[in-house]
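Structure first, then comments.
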Amino acid sequence: MPKSKVENDIVEKQKIISSLTLMDDLFMKVVLQDKECTEYILQTIMGDSTLKLKRQSLQKNLSNLHGHSLVLDCLCEDGNNNIYNIEIQNSSSGADPKRARYHAGLMDMHYLKKGNHFSQLPKSYVIFITANDVLYGERQIYHIERTIQESGKPFWDDSHIIYFNTSYVDNSPLGKLAEDLHATETKQMNSGILSRRVALLKNAKLNEKGGKEMNVLLENYRKKALKEGIEKGREEEIIAKQKVIQLMGLLAEHGRIDDIKKSSTDQEYLQSLLLEFGL
């Protein structure tokens with residue numbers, strides 16, 4: 001008996017879900033809705049098995065009335081009031097050092113309340129979990145700290161930046177976490193905490209109440225793909241217009257006024273001229 005449209009839709013969605021890894025930022029945000037998963041990732045990166053979170057917020061919007069606002073993947077606070085911003089970055093541009101600087105600055109701005117002294121700023125950690133070695137140092141983890149150049153001593157401002165390179169896999173706790181973040185199947189994962197959460201989400205029935213989180217996730221992927229497609233289309237449109245403007249200038253320089261007139265109404269002729277001038 002042929003499958004219905006609804007059944008085929010569910011099968012296609014399950015294929016997408018089965019291919020997801022924790023390095024897919026939208027999927028990671030769903031996984032981190034279980035605070036225990038966030039704690040485990042932070043404990044491993046920070047090398048502190050006692051670290052416990054007091055609160056966390058996913059997709060936290062940090063507004064800035066005078067400049068660029070941010071939406072943080074995961075913002076959390078531990079029992080000692082230290083704050084952490086965890087960002088999943090699959091592209092090098094998304095993990096630019098100046099972006100890390102901006103994240104740290106905006107976090108400080110939001111945590112220091114009006115009337116409070118600067119000494120009340122908490123320790124802050126901006127953590128970029130990257131798919132590749134974006135700092136090119138062939139390291140598994142990078143700890144970025146301010147230092148006094150003349151003495152080489154630390155400058156104790158309690159602001160810390162960490163880059164975790166997940167392309168480096170070994171038998172260390174960090175290496176095993178990196179492996180888990182790229183695993184598509186739970187049987188490939190080392191952490192029981194992460195594998196249980198991923199299994200619960202991936203095995204949820206999409207046509208039942210338990211699959212609500214994953215249906216929302218898939219809709220967010222659809223919106224993201226649509227937005228990226230529109231933005232790409234706009235970029236291509238701008239480039240095409242720039243090429244036409246450049247062509248008109250070249251034709252004018254060569255006195256080819258008739259070609260300018262004809263190309264304004266004949267798209268095929270316009271394309272041939274673009275090809276002629278290598279544009």
Side-chain angles (χ1 to χ4, degrees), residues 25 28-29 32-33 35-89 92-130 133-137 139-166 168 172-175 177-178 181:
D25 60 340
M28 174 68 100
K29 288 164 194 169
L32 294 187
Q33 288 174 16
K35 191 168 70 174
E36 189 179 13
C37 292
T38 313
E39 282 181 344
Y40 171 75
I41 290 172
L42 275 177
Q43 287 170 356
T44 305
I45 292 174
M46 300 301 296
D48 181 4
S49 61
T50 67
L51 189 153
K52 293 293 180 184
L53 292 179
K54 187 163 55 177
R55 63 176 64 92
Q56 72 170 17
S57 177
L58 303 173
Q59 289 291 94
K60 176 68 175 177
N61 180 40
L62 297 188
S63 58
N64 182 3
L65 296 176
H66 304 290
H68 187 75
S69 297
L70 286 175
V71 177
L72 306 184
D73 286 353
C74 180
L75 181 65
C76 43
E77 184 178 352
D78 70 14
N80 295 317
N81 301 319
N82 303 319
I83 56 174
Y84 305 84
N85 168 214
I86 304 171
E87 295 289 319
I88 304 298
Q89 297 293 344
S92 298
S93 60
D96 185 274
K98 287 191 177 179
R99 179 168 184 163
R101 168 185 165 184
Y102 194 72
H103 277 233
L106 207 51
M107 286 165 63
D108 286 345
M109 187 180 77
H110 277 258
Y111 268 84
L112 188 65
K113 303 303 180 185
K114 187 175 181 179
N116 288 358
H117 192 268
F118 294 111
S119 62
Q120 294 177 272
L121 275 171
K123 284 185 180 180
S124 71
Y125 297 86
V126 175
I127 301 173
F128 281 166
I129 300 177
T130 64
D133 186 8
V134 299
L135 297 183
Y136 308 106
R139 302 277 181 174
Q140 187 177 61
I141 193 163
Y142 301 87
H143 295 86
I144 294 91
E145 309 284 346
R146 286 192 176 97
T147 59
I148 302 170
Q149 291 189 356
E150 286 74 16
S151 66
K153 293 181 178 179
F155 180 67
W156 299 113
D157 62 349
D158 282 337
S159 177
H160 312 275
I161 296 171
I162 297 173
Y163 280 70
F164 174 33
N165 166 27
T166 63
Y168 190 101
S172 69
L174 279 173
L177 175 58
L181 295 177

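What you see is a predicted model; the values in this text were computed from it and never measured.
When side chains are defined from C-beta on, Y142 counts as touching D133, because their heavy atoms get closer than 4.5 Å. Looking at heavy atoms from C-beta onward, H160 lies out of side-chain contact with H143 at the 4.5 angstrom threshold. Counting heavy atoms from C-beta on, the side chains of R139 and N165 never come closer than 4.5 Å. Put simply, the side chain of L174 does not reach to within 4.5 Å of the side chain of Y168, judged on heavy atoms. Side-chain contact between R99 and V126: absent, with no pair of heavy atoms (C-beta onward) separated by less than 4.5 Å.
Across all non-hydrogen atoms, the minimal contact from S49 to Q43 is O-NE2, 3.4 Å. Closest non-hydrogen pair, F164 versus I45, comes out as CD2-CD1, 3.9 Å. In plain terms, the two heavy atoms of T130 and Y163 that are nearest each other are CG2-CD2, 4.2 Å. Taking both residues in full, the closest heavy atoms of Q56 and C76 are given as CB-CB, 3.6 Å, listed atom of the first, atom of the second, then distance. D73 and E87 get closest at one heavy-atom pair: N-OE2, 2.8 Å. V134 and A95 get closest at one heavy-atom pair: CG2-CB, 4.1 Å.
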Applying side-chain contact (heavy atoms from CB on, under 4.5 Å), run through K29 and I88 and close with a yes or a no.
-> CA-CA 9 Å; K29 288 164 194 169; I88 304 298; over 6 Å; no
Show your reasoning for whether side-chain contact (heavy atoms from CB on, under 4.5 Å) applies to Y84 and L51.
-> CA-CA 12 Å; Y84 305 84; L51 189 153; 3.4 Å; yes
Show your reasoning for whether side-chain contact (heavy atoms from CB on, under 4.5 Å) applies to N81 and K54.
-> CA-CA 8 Å; N81 301 319; K54 187 163 55 177; 2.4 Å; yes
Would I144 and L135 satisfy side-chain contact (heavy atoms from CB on, under 4.5 Å), going step by step from the backbone distance to the final call?
-> CA-CA 11 Å; I144 294 91; L135 297 183; 4.3 Å; yes
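Under a cut-off of 6.0 angstrom, the local environment of NZ in K60 is sparse, with at most 12 non-hydrogen atoms contributed by other residues, nucleotides or ligands.
Taking CG from L32 and CG from D25, the interatomic distance works out to 11.0 Å, rounded to the nearest 0.5 Å. Rounding to the nearest 0.5 Å gives a distance of 12.0 Å between NZ of K35 and CG of L42. To the nearest 0.5 Å, atoms SG (C74) and CD (Q33) are separated by 10.5 Å. Note that OH of Y111 and CG of L106 are 11.5 Å apart. Values are rounded to the nearest 0.5 Å. Atoms CG and CG, from N85 and L72 in turn, are 4.5 Å apart once rounded to the nearest 0.5 Å. Between atom CZ of residue R146 and atom CD1 of residue I161 there is a gap of 7.0 Å, rounded to the nearest 0.5 Å.
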